Amino acid sequence: MNINIKKNDRLFERRKARNRWAIKSRANGKLRLSVYFSNKNIYAQVIDDAKHHTVAAVSSLEKDLKIAKPWNKEGAERVGQEIAKRAIKAGVQEVVFDRGGLVYHGRVALLADAARQAGLKF
């Protein structure tokens with residue numbers, strides 16, 4: 001084990017691996033809704049792991065979303081609504097939620113709830 005890696009980074013990687021294992025065991029051929037946050041922006045994409053293809057993607061960087069503060073709750077909800085619209089337009093109704101190593105709380109939960117309200121099932 002590399003002693004230069006911080007404890008929080010190790011915990012993040014463990015959560016991420018545990019979450020990916022759970023997703024693979026429960027997916028049953030469903031597509032994956034992956035979420036990523038940086039300090040300033042929010043990214044979401046629907047991925048087909050069998051074909052190694054991104055079906056739909058949304059970022060808070062997109063100008064047509066017109067998000068004033070993309071890093072806060074408003075940005076997460078808007079990205080969640082938009083990813084659901086684009087996924088449904090691409091013919092995807094049901095996905096598996098992949099939060100990566102992020103804790104299901106705050107912006108992650110808001111994005112997931114907004115996607116559910118917009119019509120995605122997971």
Side-chain angles (χ1 to χ4, degrees):
M1 176 162 46
N2 188 350
I3 59 172
N4 295 329
I5 298 175
K6 294 181 182 178
K7 182 178 179 181
N8 289 340
D9 293 339
R10 286 195 314 260
L11 294 175
F12 180 83
E13 291 300 323
R14 285 180 62 193
R15 274 196 313 266
K16 185 169 135 182
R18 186 173 57 239
N19 188 31
R20 291 280 162 86
W21 178 82
I23 287 171
K24 286 180 183 179
S25 66
R26 296 181 186 125
N28 295 330
K30 295 178 192 171
L31 303 182
R32 177 168 54 104
L33 173 60
S34 179
V35 177
Y36 172 75
F37 290 92
S38 68
N39 286 338
K40 293 185 179 181
N41 292 296
I42 302 168
Y43 309 89
Q45 55 185 350
V46 176
I47 304 166
D48 185 352
D49 288 322
K51 296 179 182 177
H52 304 289
H53 177 69
T54 299
V55 177
V58 178
S59 169
S60 60
L61 290 169
E62 296 177 11
K63 300 293 182 191
D64 59 335
L65 291 181
K66 297 178 182 171
I67 302 171
K69 296 180 180 178
W71 58 85
N72 67 4
K73 295 177 182 180
E74 173 201 346
E77 289 177 344
R78 188 73 178 104
V79 168
Q81 292 168 355
E82 189 65 28
I83 193 67
K85 288 178 189 175
R86 291 184 188 183
I88 291 170
K89 186 177 179 182
V92 177
Q93 298 293 326
E94 196 167 345
V95 295
V96 177
F97 189 69
D98 178 11
R99 60 184 172 81
L102 302 169
V103 178
Y104 190 85
H105 187 292
R107 296 179 295 168
V108 175
L110 287 171
L111 188 145
D113 290 339
R116 280 189 194 104
Q117 289 175 355
L120 271 183
K121 296 177 185 171
F122 55 91

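None of these values were measured; they are calculated from a predicted model.
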Heavy-atom nearest pair, Ala90 first then Val55, reads CB-CG1, 3.6 Å

What distance do Leu65 atom CG and Gln81 atom CD have between them, rounded to the nearest 0.5 Å?
10.0 Å

For the pair Tyr104 and Phe97, name the ring-plane relationship: parallel under 30°, tilted 30 to 60°, perpendicular over 60°.
perpendicular

Would you name the heavy atoms of Leu110 and Ala76 that are closest together and state the gap between them?
CB-CB, 4.4 Å

Would Glu62 and Arg86 pass as an ion pair if we require N to O under 4.0 Å?
yes

Please say yes or no: joined through hydrophobic side-chain contacts below 4.5 Å, possibly via intermediate residues, are Ile47 and Phe37 part of one cluster?
no

Taking all atoms of both residues into account, what is the closest heavy-atom pair of Asn41 and Pro70, and its distance?
OD1-CG, 3.7 Å

Using the rule that Ile, Leu, Val, Met, Phe, Trp and Tyr join whenever any side-chain heavy atoms are under 4.5 Å apart, tell me whether Phe12 and Val35 fall into a single cluster.
yes

Atom pair CD1/CG of Ile83 and Leu120 - distance to nearest 0.5 Å
8.0 Å

Please say whether more than 12 non-hydrogen atoms of neighbouring residues, nucleotides or ligands are located less than 6.0 Å from CG in Asp64.
yes

Show your reasoning for whether side-chain contact (heavy atoms from CB on, under 4.5 Å) applies to Gln45 and Tyr43.
CA-CA 7 Å; Gln45 55 185 350; Tyr43 309 89; over 6 Å; no

Might you work through the side-chain contact (heavy atoms from CB on, under 4.5 Å) test for Trp21 and Ile23, ending with a clear yes or no?
CA-CA 5 Å; Trp21 178 82; Ile23 287 171; over 6 Å; no

Which heavy atom in Ala56 sits nearest to a heavy atom in Ala87, and how many Å separate them?
CB-N, 4.1 Å

Distance check, rounded to the nearest 0.5 Å: Ser38 atom OG versus Leu61 atom CG?
7.5 Å

Distance check, rounded to the nearest 0.5 Å: Lys16 atom NZ versus Arg99 atom CZ?
12.5 Å

In this structure, are over 12 heavy atoms from other groups packed under 6.0 Å from Arg14 atom CZ?
no

Given Asp9 and Lys6, is the salt bridge (Lys or Arg N to Asp or Glu O under 4.0 Å) satisfied, shown in steps?
CA-CA 5 Å; Asp9 293 339; Lys6 294 181 182 178; over 6 Å; no

Between Leu111 and Ile67, is there shared hydrophobic-cluster membership here, with clusters defined by ILVMFWY side-chain heavy atoms closer than 4.5 Å?
yes

So CZ of Arg116 and CZ of Phe122: to nearest 0.5 Å the spacing works out to 4.0 Å

What's the verdict on side-chain contact (heavy atoms from CB on, under 4.5 Å) for Arg20 and Asp98, showing C-alpha distance, side-chain angles and the deciding distance?
CA-CA 7 Å; Arg20 291 280 162 86; Asp98 178 11; 2.9 Å; yes

What is the distance from atom OG of Ser60 to atom CD1 of Ile42, rounded to the nearest 0.5 Å?
5.5 Å

Should Lys73 and Glu77 count as an ion pair when the cut-off is N to O under 4.0 Å?
no

Go through Leu102 and Arg107 one step at a time and tell me if the side-chain contact (heavy atoms from CB on, under 4.5 Å) criterion holds.
CA-CA 10 Å; Leu102 302 169; Arg107 296 179 295 168; over 6 Å; no

Taking all heavy atoms of Ala27 and all of Val96, pick out the closest pair and write down the distance.
CA-CG2, 3.8 Å

